[in-house]
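First comes the structure, then the notes that go with it.
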Amino acid sequence: MKAITILIADDDTEIADLVEMHLSKEGYSCIKAADGQAAVEAVVKHRIDLAILDIMMPKLDGYEVTKHIRDRHHMPIIFLSAKSSDLDKITGLVQGADDYMTKPFNPMELVARVNAHLRRSLQFSKADAAEKPVVGAGGVVIHPDERRVVVDGCPVNLTPKEFDILHLLASHPKKVFSSEHIFRHVWGEVYYEGNNTVMVHIRTLRKKLGEDTSKNKLIKTIWGVGYSFHG
């Protein structure tokens, strides 16, 4: 079994060392970066399976690092930041992160989230591509085996969670999925009332699909119920 490598990017060496200690106990290999530029270089040089990023780092902040990663990779990204407002969390998710934890944090909770994201990521990578159909509707073509999306002939760069949401909805045209169902299916965690994570991801997904108010939306909101895909 191949080793799992996790990038820990944080200019606070005590926090980086603490995270490394707990992840190493789980058998993970860790690469640490003390600034954003070093984090980007680590992703180029090494095969990273998951990244844990601080937001406020020297040279490049966590948002800029995320953009560099998302240009080429679909690895799960977890923000671990002292920025704790709801707006900060939403911004982090919109920028491409899959999860967001605030400092101070419970190391065991972080380990649990890392395990959950890696479990889902590895499940997708191990799936047999030959058994997966290509889903196409409304100009959207989804290649599940490659985790690639094309809209009207142009490739669209989605985060892993955005891809999972789109694939779920598009695989069941016109079926309405509640936010709770989507969250449980995509994140594999218990949904709690007031969680707007799904709404934020739907919003950014619509934007990337090129939807606007002048045409029918591919992903429709069924008020009080959930979301559905209409090709």
Side-chain angles (χ1 to χ4, degrees), residues 1-9 23 28-31 33 36 39-53 55 60 62-80 91-101 110 113-136 140-151 154-171 182-183 185-189 197-198 200-210 219 229:
M1 181 178 178
K2 70 181 180 65
I4 301 297
T5 302
I6 297 176
L7 171 65
I8 305 168
L23 291 177
Y28 298 130
S29 174
C30 298
I31 295 175
V40 171
E41 292 172 359
V43 172
V44 173
K45 294 178 181 178
H46 305 278
R47 186 192 56 74
I48 305 296
D49 297 286
L50 181 145
I52 299 173
L53 309 178
I55 292 179
L60 296 174
Y63 299 141
E64 293 172 298
V65 174
T66 298
K67 184 179 184 303
H68 280 279
I69 292 176
R70 287 291 175 246
D71 283 342
R72 294 190 176 184
H73 303 283
H74 296 285
M75 71 185 71
I77 296 175
I78 300 176
F79 275 142
L80 183 61
T91 301
L93 295 173
V94 170
Q95 291 292 327
D98 299 288
D99 207 343
Y100 194 110
M101 287 188 66
L110 175 61
R113 295 196 186 196
V114 166
N115 289 337
H117 285 291
L118 285 173
R119 187 164 56 246
R120 290 194 59 80
S121 178
L122 292 174
Q123 284 173 349
F124 280 117
S125 65
K126 291 178 181 179
D128 186 357
E131 296 180 357
K132 291 184 176 181
V134 173
V135 179
V140 178
V141 179
I142 303 171
H143 300 270
D145 54 327
E146 303 172 29
R147 295 184 67 76
R148 182 168 61 90
V149 175
V150 177
V151 178
C154 298
V156 177
N157 189 24
L158 302 182
T159 69
K161 293 297 184 286
E162 290 168 352
F163 180 92
D164 292 343
I165 292 172
L166 177 61
H167 186 234
L168 171 65
L169 297 179
S171 297
I182 295 172
F183 189 85
H185 178 87
V186 173
W187 277 265
E189 299 177 9
T197 302
V198 172
V200 171
H201 279 72
I202 291 287
R203 182 190 308 159
T204 57
L205 180 55
R206 282 171 169 162
K207 183 177 180 180
K208 290 182 179 181
L209 292 177
I219 300 175
F229 185 90

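All of these numbers come straight from a predicted model, not from anything done at the bench.
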Task: Minimum-distance pair of heavy atoms, taken over all atoms of Ile31 and Ala42 - done: CG2-CB, 4.2 Å

Open item on the list: Could you tell me if the side chain of Ile77 sits less than 4.5 Å from the side chain of Leu50, heavy atoms only?
Closed with: no

TODO: Output yes when a side-chain donor or acceptor of Thr204 lies under 3.5 Å from a complementary backbone atom of His201, and no otherwise.
DONE: yes

- [ ] With side-chain contact (heavy atoms from CB on, under 4.5 Å) as the test, would you mind laying out the steps for Tyr100 and Thr197 before giving the verdict?
- [x] CA-CA 10 Å; Tyr100 194 110; Thr197 302; over 6 Å; no

TODO: Calculate, to the nearest 0.5 Å, the distance between atoms OG and CG belonging to Ser29 and Leu23 respectively.
DONE: 10.5 Å

Open item on the list: Side chains of Ile52 and Leu7, heavy atoms from C-beta outward: is any pair under 4.5 Å?
Closed with: no

Task: Within-4.5 Å side-chain heavy-atom neighbours: Lys67 and Gln95 - done: no

TODO: Report yes or no: does Arg120 contribute a side-chain atom to a donor-acceptor pair with the main-chain N or O of Val186 at less than 3.5 Å?
DONE: yes

Open item on the list: Just verifying a value: how many Å separate Arg206 CZ and Leu166 CG, rounded to the nearest 0.5 Å?
Closed with: 12.0 Å

Open item on the list: Can you confirm whether Tyr28 sits close enough to Leu118 that some side-chain heavy atom of one is under 4.5 Å from a side-chain heavy atom of the other?
Closed with: yes

Task: salt bridge (charged side-chain N to carboxylate O under 4.0 Å, His left out) assessment of Asp49 paired with Arg119 - done: CA-CA 11 Å; Asp49 297 286; Arg119 187 164 56 246; over 6 Å; no

- [ ] Taking all heavy atoms of Ala33 and all of Ala39, pick out the closest pair and write down the distance.
- [x] CB-N, 3.5 Å

Task: Qualifying residue, where the test is side-chain contact (heavy atoms from CB on, under 4.5 Å) with Leu205 and the options are Leu169, Val149, Ile219 - done: Ile219

Task: Minimum heavy-atom distance between Met75 and Arg70, given as atom pair plus value - done: O-NH1, 2.9 Å

- [ ] Looking only at non-hydrogen atoms, find the nearest pair between Phe79 and Ala97 and report the distance.
- [x] CD1-CB, 3.4 Å

- [ ] For the pair His68 and Val43, evaluate side-chain contact (heavy atoms from CB on, under 4.5 Å) and give the outcome as yes or no after the intermediate values.
- [x] CA-CA 9 Å; His68 280 279; Val43 172; over 6 Å; no

Task: Salt bridge Arg147-Asp164, side-chain N to carboxylate O under 4.0 Å - done: yes

Task: Separation between OG1 of Thr159 and CD1 of Ile165, rounded to the nearest 0.5 Å - done: 7.5 Å

- [ ] Kindly indicate whether the side chain of Thr91, heavy atoms from C-beta on, has any atom under 4.5 Å from the side chain of Tyr63.
- [x] yes

Task: Smallest separation among heavy atoms of His74 and Asn157, with atom names - done: CE1-OD1, 4.0 Å

Open item on the list: Is any side-chain heavy atom of Leu60 closer than 4.5 Å to one of Val40?
Closed with: yes

- [ ] Taking the side chain as every heavy atom from C-beta outward, state whether His117 and Ile78 have any atom pair closer than 4.5 Å.
- [x] yes

TODO: Kindly say whether Phe163 contributes a backbone atom to a donor-acceptor pair with the side chain of His167 at under 3.5 angstrom?
DONE: no

Task: Heavy-atom closest contact (Pro76 atom, Asp98 atom, distance) - done: CA-OD2, 3.1 Å

Open item on the list: Is there a side-chain contact between Ile69 and Ile48 in this structure, where contact means two heavy atoms from C-beta onward sitting under 4.5 Å apart?
Closed with: no

